[in-house]
Amino acid sequence: MPTPVTVSEQQLQTQFTYIDAVASLVRDKRPRAYTHTFGCQQNEADTERIRGMLHEMGYEMTDDVNEADFILFNTCAVREHAEDRAFGNIGALSHLKKQRPEVIIALCGCMAQQEKNVEKIKKSYPQVSLLFGTHALWRFPSLLYRVLTGEKRVFDIGGADDIAEGLPVLRKGGAKAWLSIMYGCNNFCTYCIVPYVRGRERSRRPEEIEKELRELVAAGYKEITLLGQNVNSYGKDLGLDIDFADLLRRLNAVPGDFWLRFMTSHPKDASPRLFDAMAECEKVAKQLHLPFQSGSDEILRRMNRRYTAAEYKQLIAYAREKMPDITLSSDIIVGFPGETEEDFAQTLALVREVRFDLLFTFLYSPRSGTPAASYEDNATPAEKQARFERLLRAQDEIVAERQAAYQGKRLRLLIDGTAKGPDYPFTARTEGNLLVCVRGENLRIGEFIEAEIEKTTLRCLFARKM
Ligand code: 5AD
Ligand code: SF4
């Protein structure tokens, strides 16, 4: 397998020159930028890089789209709903563009990497003057410069599967940070658009990841989530003797008091070796997001997932044997083409047997260009919706029981935000990533505390600082 292409020093240097060039164009205007991110954590991490570049150019960030000089939508193409929302948001800005023609509206991310969407934007959304795909992110400064110097519309969806190190990042602050360890996906699950819009898997070098982790820890971040579409295949493309379990051990050795999380894992690549590393590394949170998608072997085969329900359950059993308190979550697709009542019953059975703490359930959404989009589909939308609701009801019962089991427990929590209610003014997370509302003296975001769980509901635990 070829080693990933790293964007050269010289290419990056050129972009830094454009950052300066943009800065001198906009300096006197005190410009403001607004960004909106759809989709997954990888997109959030990408937006933080674009915000980092904007910040270096002299833009101030704003949460009010109406006062922004630069507006960016970082889009998601995983389901139709996300695409519709992005188009809706851009459509709603046409009046703003008419009132203030100097406003720059930009679109990037997975939708922007697809030819069909590019054509649609070109034709029907003249208010968009800048569009760039996932591979062009690092070229953002030169693209923005072209718009600012008079080019009417700049579109760039070119580029290869590469890695750009050293781009500036502007994080939201607080307790949590994302850390991308790899990009792209090689799996080609038959329903999924990601491999087409994010390219092949490529891993960042371990020393770059460790360096960024050290910086995050020094900056005070307490919960760092390692990101990749399939982190379990980390390192396969590097030609070094390192896999994801080794990376976890290496990062666990970084000094400091913090939790390491990671997502997403693929059952075909998750292994006892990984769970052994998780169990041994005290900074690695005992939490696992392991999407199984369907409990039916026939559906799994047609999804090209390359494991069976029995293999999945074996993995979970091993993880629980090593880490009895581990928190488990998963993704499920309901209504994949050809899913029968019997297939769906097997999904329900797996959910009841494993008893997840959290499920992300999705109705299948056909994505043009993927194999499943042309598979025969017999179930009606009403049947699919009914299955979806049965699944939610079954899961709610399980969650209620699992949450109730926390009553009276003493746990270590990380305070990560403020809550709405006056009685429990802060939010926190357990090591297992469960949401907690907290009360007590001297609470501060970014602090670990010991707390006792006072009551539980379906969505939240309530705790008092000890
Ligand atoms: N339709 C519905 N859900 C999908 N996912 C990915 N592609 C689709 C699709 N076409 C879900 C999978 C994946 C999660 C991120 O999104 O469950 O794990
Ligand atoms: Fe999509 Fe499958 Fe890759 Fe996940 S592993 S991003 S579901 S193709």
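In each ligand, atom 1 is the first atom listed, and ligand 1 is the first ligand listed. The model shown is predicted, which means the values in this text are computed figures rather than measured ones.
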Original post:
Considering only the protein, which heavy-atom contact is closest to atom 7 (N) of ligand 1, and what is its distance?
Top reply: Tyr191 CD1, 3.3 Å
Subject >> Ring centre gap for Phe258 and Tyr221 strictly below 6.0 Å >> reply: no
**OP:** Just let me know how Phe362 lines up against ligand 1, side chain, backbone, both or neither, with a heavy-atom cut-off below 4.0 Å.
**Re:** side chain
**OP:** Taking the six-membered ring of Tyr191 (Phe, Tyr or Trp), confirm whether the NZ or CZ of Arg367 is under 6.0 Å from its centre and within 45° of its axis.
**Re:** no
Original post:
So, Arg200 and Asp237, do they make that salt bridge, N to O below 4.0 Å?
Top reply: no
**OP:** Give me the protein N, O or S atoms that fall under 2.8 Å of atom 3 (Fe) of ligand 2, sorted by chain and residue number.
**Re:** Cys185 SG
Original post:
Under the 3.5 angstrom rule, does the side chain of Ser296 hit a backbone N or O of Asp343 as a donor-acceptor pair?
Top reply: no
**OP:** Identify, for atom 10 (N) of ligand 1, the protein heavy atom at the shortest distance, and state residue, atom and that distance.
**Re:** Ser365 O, 2.8 Å
Original post:
What part of Leu363, side chain, backbone, both or neither, has a heavy atom within less than 4.0 angstrom of ligand 1?
Top reply: backbone
**OP:** Looking only at protein heavy atoms, identify the closest one to atom 4 (C) of ligand 1 and say how far it is in Å.
**Re:** Arg79 NH1, 3.4 Å
Original post:
With sequence neighbours excluded, what pairs up with Ala277 under the side-chain contact (heavy atoms from CB on, under 4.5 Å) test?
Top reply: Ala245, Arg249
Original post:
Considering distance alone, does some N or O of Tyr364 sit under 3.5 Å from an N or O of ligand 1?
Top reply: no
Subject >> Ion pair check, Asp396 and Arg459, cut-off under 4.0 Å >> reply: yes
Subject >> Under 3.5 Å: donor-acceptor pair, side chain of Ser142, backbone of Arg139 >> reply: yes
Original post:
Closest non-hydrogen protein atom to atom 7 (S) of ligand 2, residue and atom name please, with distance?
Top reply: Tyr191 OH, 3.3 Å
**OP:** Report yes or no: does a heavy atom of Arg198 sit under 4.0 Å from some atom of ligand 2?
**Re:** no
**OP:** Tell me, please, which residues at least two apart from Lys116 pass salt bridge (Lys or Arg N to Asp or Glu O under 4.0 Å).
**Re:** Glu83
Subject >> Under-4.0 Å heavy-atom contact with ligand 1, by part of Ile333 that carries it >> reply: side chain
Original post:
How would you list all residue pairs meeting ring-ring contact (aromatic ring centres under 6.0 Å, His included) that involve residues 293-317, not counting sequence neighbours?
Top reply: His266-Tyr307, Phe292-Tyr312
**OP:** Rounded to the nearest 0.5 Å, what's the gap from CZ on Arg49 to CG on Leu170? Could you check?
**Re:** 11.5 Å
Original post:
To the nearest 0.1 Å, how far is atom 14 (C) of ligand 1 from its closest protein heavy atom, and which atom is that?
Top reply: Asp331 OD2, 3.4 Å
**OP:** Pick, from Gln293, His81, Arg367, the option with the minimum heavy-atom distance to atom 17 (O) of ligand 1.
**Re:** Gln293
Subject >> Sidechain-backbone polar pair: Thr62 side chain, Asp64 backbone, donor-acceptor under 3.5 Å >> reply: yes
